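Structure record follows, encoded as structure tokens.
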Number of protein chains: 2
Amino acid sequence: MAVVLAARAAVFSDGRYTLQLESETDGEIWTRLHMIETPPETWLRENAAGLRIGYDPWLISADGLKKFVGVELVPVDGNPVDAIWSDRPAPPMAPAVPHDVLYAGEDAAAKRSRLAELLREAGQDAAVLTDPASIAWLFNLRGADVEFTPIALGFAILNADATATLFMADGKLPAETRSHLGNEVAIAEPNRLAEELGRLAGRTVRYDPTAMPVWFKTTLEAAGATIAEAPDPVALPRARKNGIEQEGARAAHLRDGVAMVRFLSWLARAAPLGGETEMSATAKLLQFRSMGAQFRGESFPAISGAGEHGAIIHYRVSPESNRPIKPDEVYLIDSGAQYTDGTTDITRTVWTGPGAAPIAVKDHLTRVLSGHIALSTAVFPEGVAGVHLDALARGALWQAGLDYDHGTGHGVGSYLSVHEGPAGISRAAKSVPLQPGMILSNEPGYYLPGAYGIRMENLQLVQEAPFSANARKFLRFETLTLAPFDRALIEPDLLPTAALRWLNEYHARVRDMLSPMLTHGDDGETLAWLQAATAPI
Amino acid sequence: MAVVLAARAAVFSDGRYTLQLESETDGEIWTRLHMIETPPETWLRENAAGLRIGYDPWLISADGLKKFVGVELVPVDGNPVDAIWSDRPAPPMAPAVPHDVLYAGEDAAAKRSRLAELLREAGQDAAVLTDPASIAWLFNLRGADVEFTPIALGFAILNADATATLFMADGKLPAETRSHLGNEVAIAEPNRLAEELGRLAGRTVRYDPTAMPVWFKTTLEAAGATIAEAPDPVALPRARKNGIEQEGARAAHLRDGVAMVRFLSWLARAAPLGGETEMSATAKLLQFRSMGAQFRGESFPAISGAGEHGAIIHYRVSPESNRPIKPDEVYLIDSGAQYTDGTTDITRTVWTGPGAAPIAVKDHLTRVLSGHIALSTAVFPEGVAGVHLDALARGALWQAGLDYDHGTGHGVGSYLSVHEGPAGISRAAKSVPLQPGMILSNEPGYYLPGAYGIRMENLQLVQEAPFSANARKFLRFETLTLAPFDRALIEPDLLPTAALRWLNEYHARVRDMLSPMLTHGDDGETLAWLQAATAPI
């Protein structure tokens, strides 16, 4: 965020971008601040008391605005940066295409009808949707407007009679898509948004004050609509994957597992010799993934961190930062893929060899693995949220006075965003109960700055647990991700008996599921590697 | 809660009092409702739309009032029930006495000064205190106005200059107490409260909208004061026991442990013979506790539940419900005491014998114990709250599809209320980080209706963990309660190795701490019993 006053200016970021701010902004002009330590609202209170401060109502939510007390905030009509941004790229215009019901598992009309009933029950006449992933889910559309996430940018209004208006540039909607949308969905150019919101005068309109631009709220209120504050109605249904989406996720993870074991097997041979780099490794992994059916691209930029780079949690390798993967060090690779039937996200941490790993590294990794398994094997009643389970993944680290500074798990979409709400597993997560069909990551880690990073990540599907005798429903996780954890870094004596049993059973399942898929002529080495990598401990 | 309309009336309670409501109210007049399923605000919306409804502003908080939407609520001047309550007992008039700094560990003037600084830092001129336990802590006073909790009823205003006004009836304040309060504390009759609040015109006054009667807010606002919404400033300092209070808690638990093992040893001999009852057992326990130095009474009515009564979580034995403690059944006793130096709360579940306990009971109890130990041995970084740790105490039960319908832990005062905020351990607990000096209960359970109840409760003191190498502070629990868990109900094969080790170490500590205290002439049997009850498993 940036604040520009008549005589001075400040720019705010969290700790991840502190160095970048320093190298990319002019310190003569900009005061650079850590937005947790000195948030914009505090800086404004201290430096602009009594002043009128303009803001762009498209760039801040209604709740976000509430933090600014002690200064007068005035919405501006048109962003002043846009006014001087002469070389601004044109908006993306990739076509929005239908997402086949064979993958979506539910017809778009049925989705609209189901959500419209929710709106009627809540006494709401319409809901405004501003999250492109919500629009993609609701209309069974996928796009290519941004990298890594198959969404088409736009807005929508869903009415309580199950009709809808989709605001999307005409050029992005081929005939096939128009026909797919059907005649209950009106199509409008995005510049008609204010006009269409104006038609909601006298109606009660659902609006999420935590996530949607305040512009929608003020426009609706000015038009005479009543605001009903409530979360995006799509978020929860989207998170609860249906049976077809669950099957798709399993199939996608099987293909992704094949790519991962080909990659890990290749790495096990290449790494001890040296010669590979962080970038060459990601290229190799992408090549293996591209061989899989229905592969549509990566789901995020791979984090490929050798040695000390692994300790940078959001490390993104660049030609400047690229470094060799050396023998006898720790290498961390966090990556994922988009397949038409599902989205993947997996992290593995390996010892490059050929020597043995130091006991300290094995101790750290085994504690991370112990936490990963404790969360994997959790059983819990309905009503429990991720905030209640986060400590399970940290317990073994905490016992040694260690921890990691990131959440334990995030929701994952179905051929959609690799980060999706509303549920998550972290100390700060909203108390959204976990529900059958949700897909969440399980990714505890440990980072020793300047030395190495460890993270162990699988995706897990929430399932009902088979306790038929109980009136109360219990839930548990089904692990979707299929790839071995590096045995060279595991210290079996540090794992509780039940955890070691889980690990051996998981490795046996990985071997049994993936071996029949390794049918290429050059898969012989991969099969042999997989056999050894999954042998019981 | 009760609502009386011109033509009908409704009374609301939670599930604990459903039967009592039916037997003690007239169904011709009162509609009896479950206040979770049909809360008063819902009933009013459905039955009193458009009506003006009077309410007593002393009986509802500012936040509590906000729930009532769709009806017009009008504060009444004087409660109409009081107007017809001709045989109302006089207010209690027990004297308020000084709580010696030898137990409190901090002079009352120092406490006022410390809190006044907090108020100044927050830009507040004064704080209103309505919780008698906060007043007791702040002024180092104890009273006897209510059973079980040594408080004196009253109100207080703490000013940002560390002066205060205590609103308490003249007859409750002996000369010694007046002298103890000193000349920085003005004393006023409670009926002068409105007048004194009126003097805060133009000042910023701290008020807790979740807990304090809305009367204070409207009175302050009418007087021209500005409300600063914030929690009771005493709650957190009161919860963080100082070194002297911690020493007092250890001493009180030692004495309480002596009473408990005399009781458990007596019970182990008496129970297999039959002839004792739920009431005779609590009388016996009270007799043993009364022998301890500084004993001031019970901290709550003991829950003494044999067999199926143990499954009633809030069971309170009465002459009508009293039943024999029979051989070969489960007996649960949850009790506590007030000592001048500390408050105790302990639950033990025993098998009465002489036969062996069924394996199903042992399975249930060992799962509860496993959860109890998992929480006892937790290590966690600063910032973690009880809401994050609750699952640890439930994990072993959840694995079998079992759970308990109550919180895992509550704060405990220092010779004050046995239930104290702001921290707690439950899924619904507020996210108040645990801090060194807090005393919390650890009391998982399992209840099989109609058969038996199991609960295992110790009090635990939050302490800093000794990880000197880390910049981040870690915390852990010190177990205060000293009494064996019944070996006859523990199935060692179901306990993780580390948990069994903790149990044996705990039992050894109980034996080593209590044996030297068992010096009465008739303690021989208790000593022998303690030796056997704490033998390694």
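Throughout, a chain's letter reflects where its sequence line sits, starting with A, and its residues are numbered from 1. What you are looking at is a predicted structure, and each value in this text was computed from that prediction instead of being measured.
- Here the side chain of H388(A) pairs a donor or acceptor atom with the backbone of R427(B) at under 3.5 angstrom.
- Residue A385(B) does not touch chain A at all, counting heavy-atom pairs closer than 4.5 Å.
- Here the shortest heavy-atom pairing between R472(A) and D403(B) reads NH1-OD2, 3.5 Å.
- Counting heavy-atom pairs closer than 4.5 Å to chain B, the top residue among P381(A), A391(A), S431(A), A378(A) is P381(A).
- A distance of 10.5 Å separates CH2 in W398(A) from CG in L475(B), rounded to the nearest 0.5 Å.
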